[in-house]
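Everything on this sheet refers to the single structure shown next.
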Amino acid sequence: MGSRDADIDFTFTSPTSVRVILDALAGAGWSVEVSCGRVEYMINDADDTYEWRYGIPDDIGEVVKLLDALENLAHSVAVNVHHPAADTGGMLMFLAGRTDVSFVPSINRRRIQAAPEFTDLAWYLHSLVPALVAVGLEGYEANEVRY
């Protein structure tokens with residue numbers, strides 16, 4: 001069958017921040033503390049390495065400050081989020097300029113029950129979109145591709 005990738009690309013009316021998005025998603029049951037009890041984040045700075053870093057939940061304030069820092073606005077940054085009640089999650093990647101944010105369901109990806117080879121993108125949209133509308137969501141594009 002090959003492998004499959006799914007993502008949802010969100011577009012915002014104006015530049016957003018990691019703090020604004022995480023606060024909005026927290027109200028919908030999402031957390032930056034992944035199931036293993038740590039915070040996972042990445043800054044793709046000038047060396048273009050996509051190196052993931054790890055912290056403890058108590059450090060989330062400092063992590064968010066780092067991701068939202070002025071010197072990082074020209075770079076992509078990412079943070080993993082988890083929905084504990086649904087036991088699923090994924091990566092939120094904030095692209096340079098911060099009007100585009102992608103979500104990749106990569107933690108216990110939810111699947112369509114009658115077609116388990118496909119990601120249940122509808123579940124993720126239902127969980128994410130209402131929270132993001134409140135902070136300037138302009139639109140989204142959901143994709144799943146097979147390689």
Side-chain angles (χ1 to χ4, degrees), residues 2-84 86-112 118-147:
S3 66
R4 302 188 78 83
D5 286 330
D7 72 352
I8 304 169
D9 299 322
F10 298 105
T11 302
F12 291 85
T13 55
S14 59
T16 190
S17 68
V18 175
R19 168 59 58 207
V20 165
I21 300 299
L22 292 180
D23 286 350
L25 293 179
W30 293 86
S31 170
V32 295
E33 184 177 346
V34 295
S35 58
C36 57
R38 66 182 183 186
V39 175
E40 303 171 341
Y41 63 100
M42 180 276 303
I43 300 170
N44 183 33
D45 54 18
D47 63 3
D48 201 32
T49 59
Y50 287 89
E51 182 178 332
W52 281 89
R53 304 170 189 188
Y54 306 97
I56 60 172
D58 290 346
D59 294 338
I60 190 57
E62 291 303 312
V63 168
V64 171
K65 273 193 215 175
L66 178 63
L67 296 176
D68 281 339
L70 187 59
E71 64 268 17
N72 289 324
L73 293 180
H75 307 292
S76 295
V77 300
V79 62
N80 282 339
V81 292
H82 184 245
H83 194 292
D87 192 29
T88 189
M91 177 186 67
L92 277 174
M93 180 173 280
F94 297 75
L95 303 179
R98 302 299 190 267
T99 56
D100 296 310
V101 178
S102 293
F103 174 76
V104 178
S106 55
I107 301 171
N108 295 330
R109 182 170 55 114
R110 292 182 70 97
R111 299 175 187 276
I112 297 173
F118 288 95
T119 304
D120 190 353
L121 287 170
W123 184 92
Y124 291 103
L125 290 168
H126 180 76
S127 180
L128 296 166
V129 168
L132 298 177
V133 165
V135 293
L137 180 66
E138 181 176 59
Y140 65 84
E141 183 176 320
N143 297 292
E144 179 153 352
V145 295
R146 178 181 157 209
Y147 295 99

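In what follows, residues are counted from 1 in the order of the sequence shown. All values below come from the heavy atoms of this structure, side chains included, with hydrogens, waters and symmetry mates left out.
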#### Entry: Pairwise distance CD(E33) to CG(D58) - rounded to 0.5 angstrom
9.0 Å
#### Entry: Side chains of T16 and T99 in contact at under 4.5 Å (non-hydrogen atoms)
no
### Message
Taking ring pair (Phe, Tyr, Trp, His ring centres under 6.0 Å) as the cut-off, I'd like each qualifying pair that reaches into residues 124-145, sequence neighbours left out, listed once.
### Response
F103-Y124
### Partner of S102 under side-chain hydrogen bond (donor to acceptor under 3.5 Å, both in side chains), chosen from N143, D9, D7
D9
### Message
Would you compute the distance between atom CG of D120 and atom CD of E144 and round it to the nearest 0.5 angstrom?
### Response
10.0 Å
### Message
Measuring only between side-chain heavy atoms, which start at C-beta, is D23 closer than 4.5 Å to V20?
### Response
no
### Worked verdict on R19 versus I21 for side chain to side chain contact (heavy atoms under 4.5 Å, CB included)
CA-CA 6 Å; R19 168 59 58 207; I21 300 299; over 6 Å; no
### W123 side chain to T88 side chain, donor-acceptor N/O pair below 3.5 angstrom
no
### Task
Check whether any side-chain heavy atom of I107 sits under 4.5 Å from a side-chain heavy atom of H82, and report yes or no.
yes
### Message
Does anything in residues 51-71 form a ring pair (Phe, Tyr, Trp, His ring centres under 6.0 Å)? List the pairs, not counting sequence neighbours.
### Response
none
### Query
I43 versus L67: any side-chain heavy-atom pair under 4.5 Å?
yes
### Message
Can you tell me if E51 has over 12 outside heavy atoms packed within less than 6.0 Å of its CD?
### Response
no
### Task
Could you tell me whether the side chain of D100 reaches within less than 4.5 Å of the side chain of F10, counting heavy atoms only?
no
### Query
Do L132 and F12 have side chains that get closer than 4.5 Å, going by heavy atoms?
yes
### Message
Can you tell whether the side chains of R38 and E40 come within less than 4.0 Å, N to carboxylate O?
### Response
yes
